[in-house]
Amino acid sequence: MEQLADDNTVLDEQVHFNSHPSSDVESPFDGHSDVDDEQPYGWVVVAAAFFVQAIVIGTVNGYGIYQDQYITHDYNTSSTFQLAWVGTLNVVGMDLSGPITGQFADHFGYRVSAFVGALIMGASLIATSFSTQVWQLYIFQGILYGLGASLAFFPSLSLPSQWFKKRRGFATGIAVAGGGVGGLIISPVTTALFSKIGYRWTVRTMAIVHLVVLIPASALFKARVESGKDRAKRLKQEQSARELAATSEKELQDLQDAVARVPKPKRQVMDFTVLKEIRFLILVLLSFFVANAYAQKNGVSVSTASLLIGILNGSSAVGRVTMGLASDHIGDINTLLISTFCASLSILVVWMFAGTSVVMMTIFCVLYGFFSGSFVAIVPTVAAHLCGISRLASMTGIVYGGIAVGTLIGSPVGGALLDLSKGVNYRPLQLWAGLVMVVGLVLNVILKFMMNPKPWAKV
């Protein structure tokens, strides 16, 4: 009877897993699975993630370079509004598909997910180079590239947390700093290639760069947590072994009867049960409001935009590493709170009173870039703090789904506020960005005190 009880436990575990193919058996809040030690190979994973972030985020954030080329040369009969949608589909598509691609990575493995993403991105850029209509850009450079980027982005964002615990924030910060570094390098290189080899060969060259960098990087990805597919295979093998080990016909019949008694829930493609946990839901909501603020334009002139964007990207890279390191000492939720607070101040104090001063706008870009960059680095570690690491890509993907919705809402709201003043008065836009950031700050405070009511506790 004791053996039969053990078998029933295994069977329950197996069927539960099969009904949630992208999840582990335990609830993401059940036991907070985590690593017990840190191993040297973790730094190889961090380096690989750095290069994935550099290529993916550097390309996604550098779409403005392509849009300028399209407007002035290859698609000069199309409106700015039409061409801007390519970049929107690209960025939002990457984040909005996060809940799906994150669960894909958790089920099939991070290495497989990143490899498939690399192939899709390479293929999408090749197809883009042969495109002649804007609607084709929507499909290839927008939707298809965004999907491939998502498949590679979330494993690179989540995997360092499986290898580090005490230095998790620092390791994740280094990995995501690749996005800032990529932004500094890829945009000017792309611009130079446009003038030397033309638009279409530039896009093909970038496709080759994607494949050459991302395929080896994905091969270096190694998870410390069993993927959903491997876990299902193992449980099936264990069940077969138990059936073979049954010493009598009665034991085998008892085992088969136990299988028959286990309820078979309806198979689910997506699993959003984690949103029933109030702490994780707060994280998603605060990310939604913060994204509303991050989606706004800074109100800079064309002549200074390039310089300020470069400063913002550089500051963002520094912020990701610095605040990631700080989170290891003061707690990731505390660090997220500080980042949100300082980003709110940079909007409501520095940006609102910057006017047309390049010096003040530079200060704003340094502060805003530093703390917005740290937000990217800290969100995965907070998700690991709340959920454990067994389904981290899925959890991070859901958070970024909220960020995508916030971006979709924030951009048109900001544009509408600028239209009210015919683009000359940024004060309503600044107030809106500051307001939604403050809402995110309040939610962050609530999350902190839900985790620990002591004001100065490390959480």
Side-chain angles (χ1 to χ4, degrees), residues 38 42-43 45-54 56-58 61 153 156-161 163-185 283 286-287 290-291 293-294 298 307-351 361-385 396 399-400 403 437 440-441 444-445 447-448 456-459:
E38 297 181 357
W43 294 112
V45 171
V46 168
F50 177 94
F51 282 102
V52 172
Q53 290 273 328
V56 172
I57 302 303
N61 289 348
F153 173 74
S156 69
L157 189 66
S158 307
L159 194 53
S161 291
W163 289 89
F164 296 91
K165 188 173 183 179
K166 292 182 179 179
R167 294 179 289 181
R168 176 172 290 159
F170 182 53
T172 304
I174 292 175
V176 299
V181 174
L184 284 172
I185 296 174
L283 177 62
L286 78 86
S287 299
V290 169
Y294 288 164
N298 292 341
L307 171 64
L308 293 178
I309 289 173
I311 292 172
L312 190 143
N313 279 328
S315 180
S316 175
V318 174
R320 295 176 189 201
V321 177
T322 304
M323 297 303 283
L325 179 61
S327 72
D328 293 330
H329 296 281
I330 65 175
D332 42 39
I333 294 177
N334 287 336
T335 306
L336 187 64
L337 178 60
I338 292 171
S339 297
T340 310
F341 175 74
C342 292
S344 301
L345 285 182
S346 71
I347 293 173
L348 294 173
V349 177
V350 183
W351 187 21
M361 284 303 301
T362 301
I363 294 173
F364 167 71
C365 285
V366 169
L367 294 174
Y368 188 71
F370 186 92
F371 292 107
S372 66
S374 65
F375 183 86
V376 176
I378 300 304
V379 163
T381 66
V382 174
H385 185 165
T396 308
V399 173
Y400 270 79
I403 289 175
M437 185 69 81
L441 176 63
N444 207 323
V445 172
L447 177 61
K448 170 182 167 55
W456 308 112
K458 177 182 177 180
V459 289

For the student: nearest non-hydrogen atoms of [X] and [Y], plus distance:
{"X": "Ala343", "Y": "Ser346", "result": "O-OG, 2.6 Å"}
{"X": "Gly180", "Y": "Ala317", "result": "CA-CB, 4.1 Å"}
{"X": "Ser287", "Y": "Val399", "result": "OG-CG1, 3.4 Å"}
{"X": "Gly179", "Y": "Ile57", "result": "CA-CB, 3.7 Å"}
{"X": "Ser158", "Y": "Thr396", "result": "OG-OG1, 3.6 Å"}

So Phe341 and Asn444, side-chain contact (heavy atoms from CB on, under 4.5 Å) or not? Walk me through it. CA-CA 9 Å; Phe341 175 74; Asn444 207 323; over 6 Å; no

Return the [atom1] to [atom2] distance between [X] and [Y], rounded to the nearest 0.5 Å.
{"X": "Leu336", "Y": "Leu447", "atom1": "CG", "atom2": "CG", "result": "8.0 Å"}
{"X": "His385", "Y": "Ser161", "atom1": "NE2", "atom2": "OG", "result": "12.5 Å"}
{"X": "Ile347", "Y": "Tyr368", "atom1": "CD1", "atom2": "OH", "result": "5.0 Å"}
{"X": "Cys365", "Y": "Phe370", "atom1": "SG", "atom2": "CZ", "result": "15.0 Å"}
{"X": "Ile330", "Y": "Thr335", "atom1": "CD1", "atom2": "OG1", "result": "3.5 Å"}
{"X": "Gln53", "Y": "Leu157", "atom1": "CD", "atom2": "CG", "result": "6.0 Å"}

Under the side-chain contact (heavy atoms from CB on, under 4.5 Å) criterion, do Val181 and Phe50 qualify, and how do the steps go? CA-CA 9 Å; Val181 174; Phe50 177 94; 3.9 Å; yes

Tell me if a side-chain donor or acceptor on Ser327 pairs with a main-chain N or O of Gly324 at a distance below 3.5 Å. yes

Taking the side chain from Ser315 and the backbone from Ile311, do they hold a donor-acceptor pair closer than 3.5 Å? no

Would you tabulate the side-chain donor-acceptor contacts of residues 374-382 under 3.5 Å, counting partners in other chains and residues two or more places apart, or write 'none'?
from, atom 1, to, atom 2, distance (Å)
Ser374, OG, Ser339, OG, 2.7
Ser374, OG, Phe371, O, 2.7
Thr381, OG1, Ile378, O, 2.8

Could you tell me if the ring centre of Phe153 sits under 6.0 Å from that of Tyr400?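 Ring centroids of Phe153 and Tyr400 are less than 6.0 Å from each other.
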
Would you check, one step at a time, whether the test side-chain contact (heavy atoms from CB on, under 4.5 Å) holds for Met323 with Ile338? CA-CA 9 Å; Met323 297 303 283; Ile338 292 171; 4.1 Å; yes

Quick one: does Leu337's side chain get under 4.5 Å of Leu441's, heavy atoms only?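 The answer is yes, as the side chains (C-beta and beyond) meet within the 4.5 Å cut-off.
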
Can you find a pair of side-chain heavy atoms, one from Trp43 and one from Ile174, that are under 4.5 Å apart? yes

Does a donor on one side chain and an acceptor on the other come within less than 3.5 Å for Lys448 and Asn334?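 Side-chain D/A pair, Lys448 to Asn334: present.
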
Checking Thr172 against Arg168: is there a side-chain donor and acceptor pair closer than 3.5 Å?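 Distance-only check fails for Arg168 and Thr172.
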
Carefully, step by step, assess Asp328 and Lys166 under the rule side-chain contact (heavy atoms from CB on, under 4.5 Å). CA-CA 6 Å; Asp328 293 330; Lys166 292 182 179 179; over 6 Å; no

